[in-house]
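The structure appears right after this line, and notes come after that.
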Amino acid sequence: MADQAPATAAPAREFAPKGEPQITGINRIGLWSLYIKECRRFLKVQTQTVWAPAVTTLLFLVIFTVALGRGGREVLGVNFGTFVAPGLIMMGMMQNAFANSSFSLLAGKLQGTIIDLLMPPLSEAELMIGIVMAAITRAVMVGGAVGLAMWLYPGVDLHLAHPWAVVWFGLMGAAMLAIVGLLASIWAEKFDHNAAITNFIVAPLSLLSGTFYVISNLSPFFQAISKANPFFYMISGFRFGFLGESDIGNTNADVVSAAIGVGVLNLVLGFITYRVLKSGWKIKS
(Lines give C-alpha, C1' and ligand atoms only; values in the text may rest on other atoms or scores of the structure.)
Protein backbone atom coordinates (compact mmCIF):
# COMPACT_ATOMS: atom_id res chain seq x y z
CA MET A 1 0.00 0.00 0.00
CA ALA A 2 1.48 3.31 -1.07
CA ASP A 3 2.46 5.73 1.64
CA GLN A 4 0.02 8.60 2.00
CA ALA A 5 1.40 12.07 1.38
CA PRO A 6 1.90 13.98 4.63
CA ALA A 7 -0.76 16.58 5.32
CA THR A 8 0.45 20.11 4.81
CA ALA A 9 0.68 22.10 8.01
CA ALA A 10 -1.73 25.00 8.37
CA PRO A 11 0.05 28.32 7.88
CA ALA A 12 0.70 30.23 11.06
CA ARG A 13 -1.76 33.06 11.64
CA GLU A 14 -0.21 36.44 11.31
CA PHE A 15 -1.30 39.13 13.77
CA ALA A 16 -1.03 42.81 13.21
CA PRO A 17 1.73 44.62 15.07
CA LYS A 18 0.91 45.69 18.58
CA GLY A 19 -0.75 49.07 18.81
CA GLU A 20 -1.87 49.10 15.19
CA PRO A 21 -5.62 49.86 15.04
CA GLN A 22 -7.75 47.24 13.33
CA ILE A 23 -10.89 49.34 13.06
CA THR A 24 -10.44 52.05 10.47
CA GLY A 25 -12.83 54.86 9.74
CA ILE A 26 -15.77 55.29 12.08
CA ASN A 27 -16.57 52.57 14.59
CA ARG A 28 -20.31 52.69 13.89
CA ILE A 29 -21.21 49.76 16.14
CA GLY A 30 -19.22 51.12 19.06
CA LEU A 31 -20.58 54.65 18.59
CA TRP A 32 -24.16 53.41 18.39
CA SER A 33 -23.65 51.19 21.46
CA LEU A 34 -22.33 54.14 23.48
CA TYR A 35 -25.23 56.33 22.35
CA ILE A 36 -27.80 53.67 23.31
CA LYS A 37 -26.07 53.12 26.67
CA GLU A 38 -26.22 56.84 27.47
CA CYS A 39 -29.86 57.10 26.39
CA ARG A 40 -30.89 54.08 28.45
CA ARG A 41 -29.12 55.58 31.45
CA PHE A 42 -31.36 58.65 31.58
CA LEU A 43 -34.48 56.87 30.32
CA LYS A 44 -34.24 54.40 33.19
CA VAL A 45 -35.08 57.30 35.51
CA GLN A 46 -37.16 59.31 33.04
CA THR A 47 -39.45 60.60 35.76
CA GLN A 48 -36.49 62.53 37.13
CA THR A 49 -34.67 63.31 33.89
CA VAL A 50 -37.52 64.14 31.48
CA TRP A 51 -40.84 64.75 33.22
CA ALA A 52 -39.63 66.51 36.37
CA PRO A 53 -37.89 69.28 34.36
CA ALA A 54 -41.12 69.77 32.40
CA VAL A 55 -43.08 70.27 35.62
CA THR A 56 -40.44 72.65 37.02
CA THR A 57 -40.44 74.75 33.84
CA LEU A 58 -44.22 74.84 33.80
CA LEU A 59 -44.12 76.24 37.34
CA PHE A 60 -41.97 79.11 36.04
CA LEU A 61 -44.66 79.84 33.47
CA VAL A 62 -47.43 79.77 36.05
CA ILE A 63 -45.56 82.06 38.47
CA PHE A 64 -44.49 84.64 35.92
CA THR A 65 -47.77 84.78 34.02
CA VAL A 66 -49.66 85.27 37.27
CA ALA A 67 -47.19 87.85 38.60
CA LEU A 68 -46.45 89.78 35.40
CA GLY A 69 -48.99 88.75 32.82
CA ARG A 70 -52.07 90.36 34.26
CA GLY A 71 -53.93 93.18 32.52
CA GLY A 72 -53.36 91.85 29.01
CA ARG A 73 -49.66 92.72 29.00
CA GLU A 74 -48.07 92.21 25.58
CA VAL A 75 -44.44 91.71 24.58
CA LEU A 76 -43.34 91.65 20.92
CA GLY A 77 -46.99 91.89 19.91
CA VAL A 78 -48.20 88.80 21.82
CA ASN A 79 -49.45 88.19 25.34
CA PHE A 80 -46.84 87.59 28.00
CA GLY A 81 -47.50 83.84 28.32
CA THR A 82 -46.98 83.27 24.59
CA PHE A 83 -43.82 85.40 24.68
CA VAL A 84 -42.18 83.61 27.61
CA ALA A 85 -43.10 80.01 26.65
CA PRO A 86 -40.45 79.48 23.89
CA GLY A 87 -37.73 80.87 26.16
CA LEU A 88 -38.69 78.47 28.92
CA ILE A 89 -38.64 75.54 26.49
CA MET A 90 -35.17 76.48 25.29
CA MET A 91 -33.93 77.05 28.84
CA GLY A 92 -35.14 73.60 29.92
CA MET A 93 -33.47 71.97 26.92
CA MET A 94 -30.11 73.63 27.53
CA GLN A 95 -30.00 72.96 31.26
CA ASN A 96 -30.84 69.28 30.81
CA ALA A 97 -28.34 68.84 27.98
CA PHE A 98 -25.65 70.13 30.35
CA ALA A 99 -26.85 67.90 33.19
CA ASN A 100 -26.75 64.78 31.02
CA SER A 101 -23.32 65.19 29.43
CA SER A 102 -21.68 66.45 32.62
CA PHE A 103 -22.57 63.25 34.49
CA SER A 104 -21.06 60.45 32.40
CA LEU A 105 -17.32 61.01 32.70
CA LEU A 106 -17.53 62.50 36.18
CA ALA A 107 -19.47 59.55 37.57
CA GLY A 108 -17.01 57.21 35.90
CA LYS A 109 -14.03 59.00 37.45
CA LEU A 110 -15.54 58.96 40.92
CA GLN A 111 -16.87 55.39 40.81
CA GLY A 112 -13.87 53.91 39.01
CA THR A 113 -15.92 52.79 36.00
CA ILE A 114 -14.40 55.24 33.52
CA ILE A 115 -12.36 52.33 32.19
CA ASP A 116 -15.60 51.13 30.55
CA LEU A 117 -15.46 54.22 28.34
CA LEU A 118 -11.70 54.31 27.75
CA MET A 119 -11.00 50.64 26.97
CA PRO A 120 -13.45 50.01 24.07
CA PRO A 121 -12.08 50.73 20.57
CA LEU A 122 -13.57 54.21 20.41
CA SER A 123 -11.65 57.28 19.34
CA GLU A 124 -11.88 60.51 21.31
CA ALA A 125 -14.14 61.98 18.63
CA GLU A 126 -16.49 58.99 18.77
CA LEU A 127 -16.59 59.15 22.57
CA MET A 128 -17.46 62.84 22.44
CA ILE A 129 -20.07 62.42 19.71
CA GLY A 130 -21.81 59.57 21.53
CA ILE A 131 -22.09 61.48 24.81
CA VAL A 132 -23.11 64.76 23.15
CA MET A 133 -25.74 63.12 20.93
CA ALA A 134 -27.30 61.38 23.94
CA ALA A 135 -27.44 64.73 25.76
CA ILE A 136 -29.11 66.34 22.73
CA THR A 137 -31.62 63.49 22.67
CA ARG A 138 -32.53 64.13 26.30
CA ALA A 139 -32.79 67.87 25.58
CA VAL A 140 -35.18 67.24 22.67
CA MET A 141 -37.33 64.94 24.80
CA VAL A 142 -37.46 67.52 27.61
CA GLY A 143 -38.29 70.22 25.07
CA GLY A 144 -41.11 68.11 23.70
CA ALA A 145 -42.53 67.46 27.17
CA VAL A 146 -42.27 71.15 28.12
CA GLY A 147 -43.75 72.22 24.78
CA LEU A 148 -46.71 69.90 25.26
CA ALA A 149 -47.34 71.31 28.74
CA MET A 150 -47.09 74.89 27.39
CA TRP A 151 -49.43 74.10 24.50
CA LEU A 152 -52.08 72.85 26.93
CA TYR A 153 -51.65 75.85 29.25
CA PRO A 154 -54.46 78.41 28.86
CA GLY A 155 -53.42 81.71 27.33
CA VAL A 156 -50.35 80.32 25.54
CA ASP A 157 -50.48 80.16 21.74
CA LEU A 158 -47.61 78.21 20.16
CA HIS A 159 -47.44 78.33 16.36
CA LEU A 160 -44.38 77.82 14.19
CA ALA A 161 -43.62 80.98 12.23
CA HIS A 162 -40.14 79.81 11.11
CA PRO A 163 -39.64 76.07 11.70
CA TRP A 164 -35.99 76.21 10.59
CA ALA A 165 -35.18 78.57 13.47
CA VAL A 166 -36.87 76.29 16.02
CA VAL A 167 -34.88 73.27 14.79
CA TRP A 168 -31.56 75.06 14.31
CA PHE A 169 -31.42 77.10 17.49
CA GLY A 170 -32.92 74.23 19.51
CA LEU A 171 -30.24 71.80 18.34
CA MET A 172 -27.43 74.36 18.58
CA GLY A 173 -28.44 75.35 22.10
CA ALA A 174 -28.59 71.74 23.23
CA ALA A 175 -25.29 70.93 21.51
CA MET A 176 -23.54 73.93 23.08
CA LEU A 177 -24.54 72.97 26.62
CA ALA A 178 -23.81 69.28 25.95
CA ILE A 179 -20.27 70.15 24.86
CA VAL A 180 -19.78 72.52 27.79
CA GLY A 181 -21.12 69.81 30.13
CA LEU A 182 -18.63 67.28 28.77
CA LEU A 183 -15.80 69.76 29.21
CA ALA A 184 -16.96 70.47 32.75
CA SER A 185 -17.02 66.75 33.60
CA ILE A 186 -13.42 66.43 32.41
CA TRP A 187 -12.36 69.28 34.67
CA ALA A 188 -14.46 68.41 37.73
CA GLU A 189 -13.05 66.17 40.42
CA LYS A 190 -16.23 65.84 42.49
CA PHE A 191 -19.94 66.52 42.12
CA ASP A 192 -19.58 69.81 44.00
CA HIS A 193 -17.46 71.19 41.15
CA ASN A 194 -20.11 70.21 38.66
CA ALA A 195 -22.88 71.72 40.79
CA ALA A 196 -20.89 74.96 41.08
CA ILE A 197 -20.81 75.36 37.30
CA THR A 198 -24.54 74.68 37.14
CA ASN A 199 -25.45 77.11 39.90
CA PHE A 200 -22.99 79.92 39.20
CA ILE A 201 -22.64 79.83 35.41
CA VAL A 202 -25.33 77.87 33.56
CA ALA A 203 -28.37 78.93 35.61
CA PRO A 204 -27.53 82.67 35.77
CA LEU A 205 -26.64 82.87 32.07
CA SER A 206 -29.89 81.16 31.09
CA LEU A 207 -32.10 83.20 33.41
CA LEU A 208 -30.44 86.51 32.47
CA SER A 209 -30.57 85.94 28.72
CA GLY A 210 -33.92 87.46 27.83
CA THR A 211 -36.03 84.48 28.81
CA PHE A 212 -38.55 86.65 30.65
CA TYR A 213 -37.95 90.05 29.02
CA VAL A 214 -36.70 91.83 25.92
CA ILE A 215 -33.30 93.45 26.28
CA SER A 216 -34.60 96.74 24.83
CA ASN A 217 -36.00 97.39 28.33
CA LEU A 218 -32.46 97.40 29.74
CA SER A 219 -29.93 100.20 29.84
CA PRO A 220 -27.34 100.30 27.01
CA PHE A 221 -24.67 98.88 29.34
CA PHE A 222 -26.72 95.82 30.27
CA GLN A 223 -27.86 95.42 26.66
CA ALA A 224 -24.21 95.08 25.68
CA ILE A 225 -23.69 92.49 28.42
CA SER A 226 -26.74 90.54 27.22
CA LYS A 227 -25.45 90.54 23.64
CA ALA A 228 -22.18 89.03 24.87
CA ASN A 229 -24.14 86.11 26.36
CA PRO A 230 -24.45 83.21 23.87
CA PHE A 231 -27.55 81.99 25.72
CA PHE A 232 -29.31 85.18 24.58
CA TYR A 233 -28.96 84.25 20.90
CA MET A 234 -30.10 80.68 21.48
CA ILE A 235 -33.24 81.73 23.34
CA SER A 236 -34.09 84.72 21.14
CA GLY A 237 -33.49 82.75 17.95
CA PHE A 238 -35.64 79.90 19.23
CA ARG A 239 -38.38 82.40 20.13
CA PHE A 240 -38.12 83.90 16.63
CA GLY A 241 -39.07 80.50 15.23
CA PHE A 242 -42.40 80.66 17.08
CA LEU A 243 -43.28 84.35 17.04
CA GLY A 244 -41.55 85.62 13.92
CA GLU A 245 -40.19 88.46 16.10
CA SER A 246 -36.91 88.71 17.96
CA ASP A 247 -34.84 91.21 19.88
CA ILE A 248 -31.63 90.01 18.21
CA GLY A 249 -32.05 92.67 15.53
CA ASN A 250 -34.55 94.52 13.38
CA THR A 251 -34.28 92.26 10.33
CA ASN A 252 -34.38 88.54 9.58
CA ALA A 253 -30.79 88.85 8.34
CA ASP A 254 -29.74 89.53 11.93
CA VAL A 255 -31.29 86.23 13.01
CA VAL A 256 -29.56 84.38 10.16
CA SER A 257 -26.24 85.95 11.18
CA ALA A 258 -26.86 84.81 14.76
CA ALA A 259 -27.65 81.30 13.49
CA ILE A 260 -24.32 81.17 11.67
CA GLY A 261 -22.55 82.58 14.71
CA VAL A 262 -23.87 79.95 17.12
CA GLY A 263 -22.92 77.23 14.65
CA VAL A 264 -19.34 78.52 14.50
CA LEU A 265 -19.27 78.80 18.30
CA ASN A 266 -20.24 75.15 18.64
CA LEU A 267 -17.52 74.10 16.20
CA VAL A 268 -14.93 75.99 18.24
CA LEU A 269 -16.18 74.54 21.53
CA GLY A 270 -16.26 71.06 20.01
CA PHE A 271 -12.67 71.36 18.79
CA ILE A 272 -11.46 72.58 22.18
CA THR A 273 -13.25 69.74 24.00
CA TYR A 274 -11.87 67.20 21.52
CA ARG A 275 -8.30 68.39 22.09
CA VAL A 276 -8.74 68.32 25.87
CA LEU A 277 -10.27 64.84 25.68
CA LYS A 278 -7.48 63.61 23.44
CA SER A 279 -4.82 64.93 25.79
CA GLY A 280 -6.16 62.72 28.58
CA TRP A 281 -6.13 65.62 31.03
CA LYS A 282 -7.65 64.54 34.37
CA ILE A 283 -8.87 61.31 32.76
CA LYS A 284 -5.86 59.14 31.99
CA SER A 285 -3.62 60.54 34.69
* To do: Answer yes if I283 and F271 sit in the same cluster of Ile, Leu, Val, Met, Phe, Trp and Tyr residues linked by side chain heavy atoms under 4.5 Å apart, and no otherwise.
  => no
* Work out which heavy atom in Q223 is nearest to a heavy atom in L218; give both atom names and the distance. => NE2-O, 2.8 Å
* side-chain contact (heavy atoms from CB on, under 4.5 Å) between Y153 and L58, intermediate numbers included -> CA-CA 9 Å; Y153 188 79; L58 184 61; 4.2 Å; yes
* Check whether more than 12 heavy atoms from other residues, nucleotides or ligands sit under 6.0 Å from atom CD1 of I29, and answer yes or no. => no
* Is W168 close to F238 at the side-chain level, that is, under 4.5 Å between some pair of heavy atoms? -> no
* Keeping the roles fixed (side chain from R239, backbone from T211), state whether a donor-acceptor pair exists under 3.5 Å. => yes
* Flag for D116-T113: side-chain donor and acceptor within less than 3.5 Å -> no
* Which atom pair, heavy atoms only, marks the closest approach of A97 to A174? -> CB-O, 3.4 Å
* Structure fact -> Output for pair (S102 OG, L183 CG), nearest 0.5 Å, gives 11.0 Å
* Asked: Are I225 and I201 linked, directly or through other ILVMFWY residues, by side chains that come within less than 4.5 angstrom of each other?
  -> yes
* Asked: How many angstroms lie between atom OG of S185 and atom CG of L106, to the nearest 0.5 angstrom?
  -> 6.5 Å
* Structure fact -> For S226 and F232, the nearest pair of non-hydrogen atoms, with its separation, is O-CB, 3.4 Å
* In terms of the angle between their ring planes, are W164 and F169 parallel, tilted or perpendicular, with boundaries placed at 30° and 60°? -> tilted
* Cluster question for you: counting only ILVMFWY and a side-chain heavy-atom cut-off of under 4.5 Å, with indirect links fine, are L267 and M176 together? -> no
* To do: Over all heavy atoms of both residues, which pair between P53 and V142 is shortest? Give the atoms and the distance, please.
  => CB-CG1, 4.0 Å
* Asked: Between L105 and L117, is a side-chain contact (heavy atoms from CB on, under 4.5 Å) present by the stated rule, with each step listed?
  -> CA-CA 8 Å; L105 288 183; L117 294 175; 3.6 Å; yes
* Using a 4.5 Å cut-off on heavy atoms from C-beta on, say whether the side chain of F222 contacts that of I215. => no
* State, yes or no, whether a side-chain contact exists between K227 and Y233 at a heavy-atom distance under 4.5 Å. => yes
* **Plane angle bin for F103 and F191 - parallel if under 30°, tilted between 30 and 60°, otherwise perpendicular** => parallel
* Structure fact -> Value for OG (S246) from NE2 (H162), rounded to nearest 0.5 Å, stands at 10.0 Å
* Worked verdict on V276 versus K282 for side-chain contact (heavy atoms from CB on, under 4.5 Å) -> CA-CA 9 Å; V276 172; K282 290 197 172 185; over 6 Å; no
* Derivation of the side chain to side chain donor-acceptor pair (under 3.5 Å) call for N79 and T82 -> CA-CA 6 Å; N79 66 69; T82 301; 3.1 Å; yes
* Asked: Are M91 and V62 connected in a single hydrophobic cluster, I mean Ile/Leu/Val/Met/Phe/Trp/Tyr linked by side-chain heavy atoms less than 4.5 Å apart?
  -> yes
* Structure fact -> Taking every heavy atom of N96 against every heavy atom of T49, the minimum-distance pair comes out as OD1-O, 3.6 Å
* **From CG (L277) to CZ (R275), nearest 0.5 Å** => 10.5 Å
* Structure fact -> Separation between CG (L265) and CD1 (I260), nearest 0.5 Å, reads 13.5 Å
* **Validation row: Y35, C39 side chains within 4.5 angstrom (heavy atoms)** => yes
* To do: Check step by step if side-chain contact (heavy atoms from CB on, under 4.5 Å) holds for L88 and F212.
  => CA-CA 8 Å; L88 288 173; F212 304 102; 3.6 Å; yes
* Validation row: F60, V84 side chains within 4.5 angstrom (heavy atoms) -> no
* Crowded around W187 CH2? As in, over 12 foreign heavy atoms under 6.0 Å? -> yes
* **Side chain proximity check, T273 to M128, heavy atoms < 4.5 angstrom** => yes
* Asked: Does the side chain of S216 pick up a donor-acceptor pair with the side chain of D247 at under 3.5 Å?
  -> no
* Could you tell me whether the side chain of K109 and the main chain of I186 form a donor-acceptor pair under 3.5 Å? => yes
* **Validation row: I89, T57 side chains within 4.5 angstrom (heavy atoms)** => no
* Tell me, with the steps shown, if H159 and F242 meet ring-ring contact (aromatic ring centres under 6.0 Å, His included). => CA-CA 6 Å; H159 290 290; F242 285 96; 9.6 Å; no
* Asked: Between G81 and L61, which heavy-atom pair has the shortest distance, and what is it?
  -> O-CD1, 4.0 Å
* Asked: Do L158 and V156 have side chains that get closer than 4.5 Å, going by heavy atoms?
  -> yes
* Asked: Between the side chains of S209 and N229, is a donor N or O closer than 3.5 angstrom to an acceptor N or O?
  -> no
* Asked: Can you tell me how far CD of E126 sits from CZ of R28, rounded to the nearest 0.5 angstrom?
  -> 9.5 Å
* Asked: Are L182 and L110 joined in one hydrophobic group, where the rule is that I, L, V, M, F, W and Y side chains link up if heavy atoms are under 4.5 Å apart?
  -> no
* To do: May I ask you to decide if M172's main-chain N or O and N266's side chain share a donor-acceptor pair within less than 3.5 Å?
  => yes
* To do: Only counting residues at least two apart or in another chain, list the ones meeting side chain to side chain donor-acceptor pair (under 3.5 Å) with S104.
  => E38, R41
